[in-house]
Amino acid sequence: MEEAKVLETKDGTISVASAFAGHQEVVQDRDHKFLTKAVEEAYKGVDCGDGGPFGAVVVCNDEVVVSCHNMVLKHTDPTAHAEVTAIREACKKLNRIELSDCEIYASCEPCPMCFGAIHLSRAKRLVYGAKAEAAIAIGFDDFIADALRGTGFYQKASLEIKRADGNQAMIAEQVFEKTKAKFQMY
């Protein structure tokens, strides 16, 4: 049995990696699959006018439990972010208040509210695509990035936090550039 290693990157994200190279490749392919679904949700939300370009997927035992997008405009609810909506829907579907055996894939780095909801849901893992700066670049509040980064709470969370790399991250970042004309800030 390979021993897991905890890795902390320069931007403060925390990841757990196995020393077994084949495991890394399988995890990366799996992450790509579910993160792609979250990015598709982000586009879907903008296209139908429900809210901003954010998507989230809750996965349990390699199966998608729910796939949701931002619903702030549709529900006239500033808390209806993709991650919060996904957590609410997953808890309803699974008929429980915690997601300790689940992973959350988010198209973008979660804001403080969403990160708090993810933490409180007890999800075991968070994988996100775009950095908050991609959302900030099209007009979202810079509070998204500044509120948690570098804090002990973010760095000592009880879940694995991983930013997607390579093509995954680039695809997630493109959501903002490609949708900025369709999505009007307030």
Side-chain angles (χ1 to χ4, degrees), residues 13 27 29-132 134-135 138 140-141 143-144 147-148 153-154 157-164 168-169 171-176 178-179 182-186:
T13 59
V27 168
D29 289 346
R30 188 176 166 282
D31 287 351
H32 179 75
K33 174 178 138 182
F34 295 125
L35 187 59
T36 298
K37 186 116 177 106
V39 169
E40 289 168 358
E41 276 293 330
Y43 282 115
K44 181 179 168 185
V46 172
D47 289 344
C48 65
D50 288 345
F54 302 93
V57 175
V58 175
V59 174
C60 186
N61 299 320
D62 288 332
E63 296 288 327
V64 173
V65 177
V66 296
S67 183
C68 298
H69 55 264
N70 184 291
M71 303 288 278
V72 169
L73 299 176
K74 181 175 183 172
H75 295 310
T76 321
D77 177 359
T79 69
H81 291 195
E83 300 91 336
V84 172
T85 301
I87 290 167
R88 289 174 181 160
E89 293 301 316
C91 287
K92 283 181 198 172
K93 187 171 183 179
L94 298 171
N95 195 32
R96 58 185 198 213
I97 62 167
E98 55 80 30
L99 303 172
S100 60
D101 57 345
C102 297
E103 300 165 281
I104 297 178
Y105 290 82
S107 63
C108 186
E109 184 175 9
C111 74
M113 176 186 68
C114 292
F115 184 77
I118 291 165
H119 174 77
L120 292 173
S121 78
R122 306 287 189 252
K124 67 180 179 181
R125 186 166 184 254
L126 162 66
V127 177
Y128 67 90
K131 291 184 88 170
I138 67 163
F140 285 90
D141 195 329
F143 177 73
I144 294 170
L148 289 171
F153 184 76
Y154 188 74
S158 60
L159 69 152
E160 177 189 346
I161 303 168
K162 176 189 176 199
R163 177 168 187 245
Q168 292 172 273
I171 290 167
E173 300 270 347
Q174 289 173 347
V175 172
F176 297 96
K178 289 181 176 180
T179 64
K182 291 182 181 180
F183 183 73
Q184 299 298 315
M185 292 299 297
Y186 310 105

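All residue numbers refer to positions in the sequence shown, counting from 1.
Residues Arg88 and Cys68 have side chains not in contact (no heavy-atom distance under 4.5 Å, counting atoms from C-beta outward). Taking 4.5 Å as the limit, some side-chain heavy atom of Asp101 sits within range of a side-chain heavy atom of Arg96. Between Pro110 and Ile104, every side-chain heavy-atom pair lies at or beyond the 4.5 Å cut-off. With contacts defined as side-chain heavy-atom distances shorter than 4.5 Å, the pair Ile171/His32 qualifies. Side chains of Cys108 and Phe176 form a contact here, defined as non-hydrogen atoms less than 4.5 Å apart. Using a 4.5 Å heavy-atom cutoff, the side chains of Pro53 and Phe140 are in contact. Within the 4.5 Å cutoff, no side-chain heavy atoms of Thr85 are placed close to those of His75.
Between Lys178 and Tyr43, the shortest heavy-atom distance links the atoms CD-OH, 3.2 Å. When every heavy atom of Val57 is checked against every heavy atom of Ser67, the shortest pair comes out as CG2-OG, 3.7 Å. Smallest separation of non-hydrogen atoms from Thr79 and Asp77: OG1-OD1, 2.6 Å.
Atom CG of residue Asn61 and atom CD of residue Glu103 lie 9.0 Å apart, to the nearest 0.5 angstrom. Atom CG of residue Leu99 and atom CG of residue Leu120 lie 11.0 Å apart, to the nearest 0.5 angstrom.
The backbone N or O of Lys131 lies less than 3.5 Å from a partner atom in the side chain of Glu173, making a donor-acceptor pair. Looking at Glu41, its side chain never comes within 3.5 Å of a backbone N or O of Gly55 through a donor-acceptor pair. The backbone N or O of Val127 lies less than 3.5 Å from no partner atom in the side chain of Arg163, so there is not a single donor-acceptor pair.
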Query raised in the report: Could you go step by step and tell me if His69 and Cys48 meet the side chain to side chain contact (heavy atoms under 4.5 Å, CB included) rule?
Result: CA-CA 10 Å; His69 55 264; Cys48 65; 4.0 Å; yes
Requested in this report: Check the pair Glu83 / Leu126 against side chain to side chain contact (heavy atoms under 4.5 Å, CB included), numbers first and verdict last.
Outcome: CA-CA 10 Å; Glu83 300 91 336; Leu126 162 66; 6.0 Å; no
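Electrostatic pairing of Asp31 and Arg125 counts as a salt bridge here, judged by a charged N lying under 4.0 Å from a carboxylate O.
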